[in-house]
Amino acid sequence: MEKSVVNFNPTHSKYIEYIMALSGKKLIRLGYPEGPVIGLALSVIQQHYKKLKKEELNILLKTVLENPSEYTEHEYLGSIAKSLLPPQGTPKSFELRKNNPAFAIYGGADIEPIALNQMETAMCLPIAQEGALMPDAHPGYGLPIGGVLATQNAVIPYGVGVDIGCRMCMSIYDLPTQKLEQDKNTFTKMLMDHTRFGHATFQKPIDHAVLERKEFKEIPIAQSLKDRAYKQIGSSGGGNHFVEFGLVEIVDAHNEYQLPLGEYLAVLSHSGSRGLGASIANYYTKLAMQTCQLPQHAKHLAWLDLDSEAGQEYWLAMNLAGDYASACHHQIHERLSQAMGEQARVRIENHHNFAWKEQNAQGDEIIVHRKGATPAGKGALGIIPGSMTSPGFIVRGKGNSLSINSTSHGAGRVMSRTKAKKNLSAKVVKQHLQKAGITLIGSGLDEAPMVYKDIHQVMAHQKELVEIIGKFIPKIVRMCGDHRFIEVD
DNA sequence: ATGTCC
């Protein structure tokens with residue numbers, strides 16, 4: 001095929017149907033190899049070739065596939081072409097240690113055996129230095145949720161998790177707390193008007209400095225995701241993500257925020273980096289799995305050497321996704337602040353799906369993966385949410401090295417999503433919420449309060465890790481999904 | 001958790 005095919009600029013209308021129907025499976029049917037190139041190609045097409053009609057796109061994709069070396073310098077197709085050429089760095093196989101080094105477990109008998117097993121496997125990696133399991137742990141891909149793993153000079157994309165930079169953000173306001181009950185409908189409407197979940201995004205996204213970051217130009221996968229990142233900015237995700245109004249009770253008179261003891265009106269949000277982080281995570285874990293080959297049961301723990309080009313690129317992309325997640329929270333809080341006509345007095349926030357460069361007891365640099373774990377170095381401030389009907393906590397880290405300066409990221413599930421959907425009744429959940437005085441917009445049975453562990457027990461398991469500064473009681477909650485639990489009158 | 005791939 002001629003190169004000129006890549007310069008097509010038709011304006012046919014049929015392309016929309018085709019783009020909607022184009023899937024990774026179709027790319028594979030076209031002859032594309034399974035692996036990182038699939039996700040990359042899909043987002044490149046979304047970003048730059050939406051205008052092509054079906055046949056043209058097919059020709060284009062086949063052309064690059066058949067002769068990738070011809071296209072490595074192409075502005076948009078270059079990244080696909082390079083991804084099709086033999087992987088840089090020879091694939092290497094690694095064996096696991098026979099026995100796992102010891103690691104601290106918080107929450108003993110309450111931890112699911114599968115999560116424990118996954119942590120043991122992670123500790124058997126040759127790059128594993130230290131590990132710890134938080135009391136809210138449950139099974140995940142690769143590293144369990146609630147797993148903390150320190151490695152040397154290597155990063156495991158699935159040790160960070162799919163939702164890179166998933167985090168908490170709380171704003172505390174100087175507003176009379178009774179307002180929340182008195183003007184309940186107004187606050188409920190604010191959540192309806194100024195938050196978006198799942199597939200829904202804002203018609204007019206607000207621009208943000210993070211979208212100007214050079215990584216969006218310099219890293220091919222990030223470049224291909226920028227349009228969607230712009231569309232999704234300021235929105236929240238699905239699953240356990242939420243935005244809620246509630247009441248904070250400050251219980252530590254010597255808190256860093258100079259907040260007098262007492263009750264405050266607050267906004268709490270839980271969300272991550274949306275499609276941007278998910279696509280980055282999936283792209284680099286596939287890349288890692290190509291170069292770092294591990295026994296089947298450990299394959300999702302594939303890592304990237306931080307000295308390698310791919311490792312350095314992931315590190316930059318991960319940080320970009322983390323900052324994007326942070327920007328989303330800030331916009332959520334800014335929209336609500338404007339609706340309330342009140343600026344926040346205090347903002348508290350932390351990542352709980354991320355990797356950091358930290359130091360071990362000997363002063364050597366380690367890469368600390370926290371996948372569903374809150375940083376709790378000495379004096380670090382963070383938020384551990386409970387459930388819709390139980391409190392969350394503002395905490396101060398004690399800097400316990402046994403936990404690798406970490407603490408839980410929530411209560412943790414006791415019931416799987418599948419089990420919850422099958423066994424819980426909407427009526428019972430609704431009554432439970434009513435009794436607790438919670439107004440809920442959205443959500444599904446799989447996020448009902450009873451699917452979570454008792455947060456008080458979880459906190460009891462981590463007394464050595466954090467001290468409590470304040471307690472947050474949710475009142476009006478919005479999550480992703482239909483409006484079946486809406487309690488507005 | 002996530003338009004898509006697994």
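In what follows, chains carry the letters A, B, and so on, assigned in the order in which the sequence lines appear, proteins first and then strands, with residues in each chain numbered from 1. Quick caveat: nothing in here was measured; it's all calculated off a predicted structure.
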Enquirer: Rounded to whole Å, how long is the line connecting atom CG of A/Leu65 with atom P of B/dC5?
Expert: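 Atom CG in A/Leu65 sits about 18 Å away from atom P in B/dC5.
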Enquirer: Side chains of A/His270 and A/His409: any donor to acceptor distance under 3.5 Å?
Expert: no
Enquirer: Quick one: A/His270 NE2 to B/dA1 P, roughly how many Å, whole number?
Expert: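 So the two atoms are 7 Å apart, to the nearest Å.
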Enquirer: So, do A/Ser406 and A/Met134 sit near enough that their side-chain heavy atoms are less than 4.5 Å apart?
Expert: yes
Enquirer: So does A/Asn240 get a side-chain nitrogen or oxygen closer than 4.0 Å to the phosphate oxygens (OP1/OP2) of B/dA1?
Expert: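 It does, given that an N or O in the side chain of A/Asn240 lies less than 4.0 Å from OP1 or OP2 of B/dA1.
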Enquirer: Do the side-chain N or O atoms of A/Arg167 get closer than 4.0 angstrom to the phosphate oxygens (OP1, OP2) of B/dA1?
Expert: no
Enquirer: Does B/dT2 have OP1 or OP2 under 4.0 Å away from a side-chain N or O of A/Arg274?
Expert: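 For B/dT2, OP1/OP2 do have a side-chain N/O of A/Arg274 under 4.0 Å.
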Enquirer: Give the rounded distance in Å between these two atoms: NE2 of A/His351 and P of B/dA1.
Expert: 17 Å
Enquirer: I need the CE-P distance between A/Met479 and B/dA1, as an integer number of Å.
Expert: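 Whole-Å distance recorded here is 8 Å.
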Enquirer: Report the distance from atom CZ of A/Phe197 to atom C1' of B/dA1, rounded to the nearest whole Å.
Expert: 14 Å
Enquirer: Atom NE2 of A/His300 to atom C1' of B/dC5: distance rounded to whole Å?
Expert: 12 Å
Enquirer: Rounded to whole angstrom units, what separation is found between the CG atom of A/Leu27 and the C1' atom of B/dC5?
Expert: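 Taking atom C1' of B/dC5 as the reference, CG of A/Leu27 is at 8 Å.
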